[in-house]
Amino acid sequence: MDSFAYRDGKLFAEEVAVEVIAQAVGTPVYIYSKATFLDHLKKIQTAYAAIDTTVCYSVKACGNIHILRALAEAGSGFDIVSGGELYRAQQAGADPAKIVFAGVGKTDKEILEALEAGIGYFNIESEAELQNLIKLCKDHGRKTRAALRVNPDIKYDSHRHITTGVKETKFGVDIERAQQIFSEYAGNGVVEMSAIHVHLGSGGKTIDPYVNYVKKVLPLVQALRSAGHTIDTLDLGGGYGADYESDTVPSAADYAAGIVPLLKKANLKLILEPGKSIIANAAILLTRTVFRKTGGQKTFVIVDAGMNDLIRPCLYEAFHFIWPAAVPEKLVPPSRQKELALPGTEKVDVVGPICEGTDFFAKDRLLPPVERGDLIAIFTAGAYGYTMAGNYNARPMCAEVLVDGDKFTTIRRRQTYEDLVAPERDIPAP
Ligand SMILES: *Cc1c(COP(=O)(O)O)cnc(C)c1O
């Protein structure tokens with residue numbers, strides 16, 4: 001579910017008409033619905049209630065501290081991948097014990113900051129990283145816990161001739177190496193190795209990849225336990241589906257139905273690291289039409305948001321449902337389907353103002369007719385939207401607004417031109 005809906009042909013975020021926000025804050029602007037992301041979190045917490053589960057929302061999907069604070073207050077922990085994300089989580093009042101730290105290139109500085117903070121787990125991606133973490137703990141008199149990230153996709157067979165650890169992939173280690181790493185390092189005395197971590201980049205449209213992951217990892221857990229190691233936790237990572245298109249992904253309850261029984265039987269605690277399934281459809285990017293232009297066979301709708309504000313269509317050819325924020329009643333979209341062909345629509349490209357051919361949001365998309373000045377909503381923009389935004393073309397980063405019922409708050413102000421040059425100011429000319 002999300003809380004963006006049309007009333008009398010006007011788009012609302014919860015109880016607020018988005019055009020009111022555009023008037024007050026300007027465009028482009030990310031508009032988040034608090035009820036939506038809290039509902040997603042709650043559904044995950046409820047779905048997994050039968051086992052000891054910690055939801056660690058993935059900060060890299062969307063890291064505004066006001067959003068993190070709302071999630072923390074609702075019981076969420078955080079999955080971080082950098083010292084900057086740790087800082088954001090701390091600013092939001094996160095419980096450090098519910099922070100897990102992933103990433104293949106953690107620097108000593110970042111590791112020490114996380115040890116100082118007392119985070120819950122380091123998700124270990126390589127043997128070298130584990131050695132370094134143990135060393136830093138010993139040097140600085142700290143103790144912590146680690147989850148070893150394994151790649152269940154790598155089969156024993158295809159790797160049986162490998163006798164050294166050099167052939168590890170960038171993310172995690174293969175299962176065979178995992179056993180060796182435990183036997184070599186588990187007795188290190190400072191880093192408790194009690195968890196296994198797996199992360200599927202993107203889950204797709206069924207729960208099967210997750211269930212298969214668990215099924216591939218459970219024999220490793222059994223083998224490690226037989227060898228005397230105490231493995232009590234499985235971190236299943238993120239990548240759960242989000243509603244970019246209506247009704248195409250499993251619900252939290254669907255995932256849980258497949259996963260919970262397996263973990264219950266194995267007596268494992270669970271950590272989940274959902275990012276986009278919590279925040280993706282909790283935001284729209286609202287943008288204003290600058291021009292409408294016809295060239296050759298094509299009609300272009302040129303808007304005031306660009307690829308610097310939302311890069312997913314350009315970077316991944318990602319689909320985002322797009323629709324004007326005000327339409328006649330007969331053009332209110334009944335769903336957010338890819339091919340939504342309503343009578344009275346026309347085929348257009350929705351593009352940004354940036355000097356790059358890749359600066360587009362949609363190509364050959366059927367939209368109700370729009371004119372200069374019309375507001376357009378780019379849906380499901382909450383995940384990897386603002387966090388991937390930048391200043392290309394010296395465009396100030398846009399504002400973020402949080403809607404809560406009939407109230408809205410600017411949770412990040414629009415950058416000014418002065419913000420663009422501030423880090424360059426007051427430096428004597430070289
Ligand atoms: C990116 C990432 C996530 C979140 O992924 P989503 O697709 O946003 O759910 C979780 N865990 C790790 C280790 C990640 O790198």
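Both counts, for ligands and for their atoms, begin at 1 and track the order of listing.
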Rounded to the nearest 0.5 Å, what separates atom CD1 in Ile284 from atom NE2 in His320? 13.0 Å
Presence of salt bridge, Glu73 and Arg69, under 4.0 angstrom: no
Please test Thr230 against Ser194 for side-chain hydrogen bond (donor to acceptor under 3.5 Å, both in side chains), starting from the C-alpha separation and ending with a verdict. CA-CA 6 Å; Thr230 306; Ser194 53; over 6 Å; no
I'd like to know if Arg336 and Asp2 make a salt bridge, using a cut-off of under 4.0 Å between side-chain N and carboxylate O. yes
Who's the nearest protein heavy-atom neighbour of atom 1 (C) of ligand 1, and how far? Lys60 NZ, 1.3 Å
Closest protein heavy atom to atom 7 (O) of ligand 1, given as residue, atom name and distance to 0.1 Å: Lys276 NZ, 3.0 Å
Report the nearest protein non-hydrogen atom to atom 13 (C) of ligand 1: residue, atom name, distance rounded to 0.1 Å. Glu273 OE1, 3.4 Å
Would you say Ser277 and ligand 1 have an N/O pair spaced under 3.5 Å apart? no
Without swapping roles, check the side chain of Glu400 against the backbone of Arg412 for a donor-acceptor pair under 3.5 Å. no
Which pair of heavy atoms, one from Ile65 and one from Ala92, lies closest together, and at what distance? O-CB, 3.5 Å
Contact summary for Cys314 and Thr358, nearest pair of heavy atoms: CB-O, 3.2 Å
Is there a polar contact, in the sense of an N or O pair closer than 3.5 Å, between Ser58 and ligand 1? no
Do ligand 1 and Gly239 have nitrogen or oxygen atoms that lie under 3.5 Å from each other? yes
Suppose we measure from atom 8 (O) of ligand 1 to each protein heavy atom; which comes out shortest, and what is that distance? Tyr384 OH, 2.6 Å
Which atoms of ligand 1 are found less than 4.0 Å from any heavy atom of Gly238? 9 (O), 10 (C), 11 (N)
Does Gly275, backbone or side chain, put an N or O under 3.5 Å from an N or O of ligand 1? yes
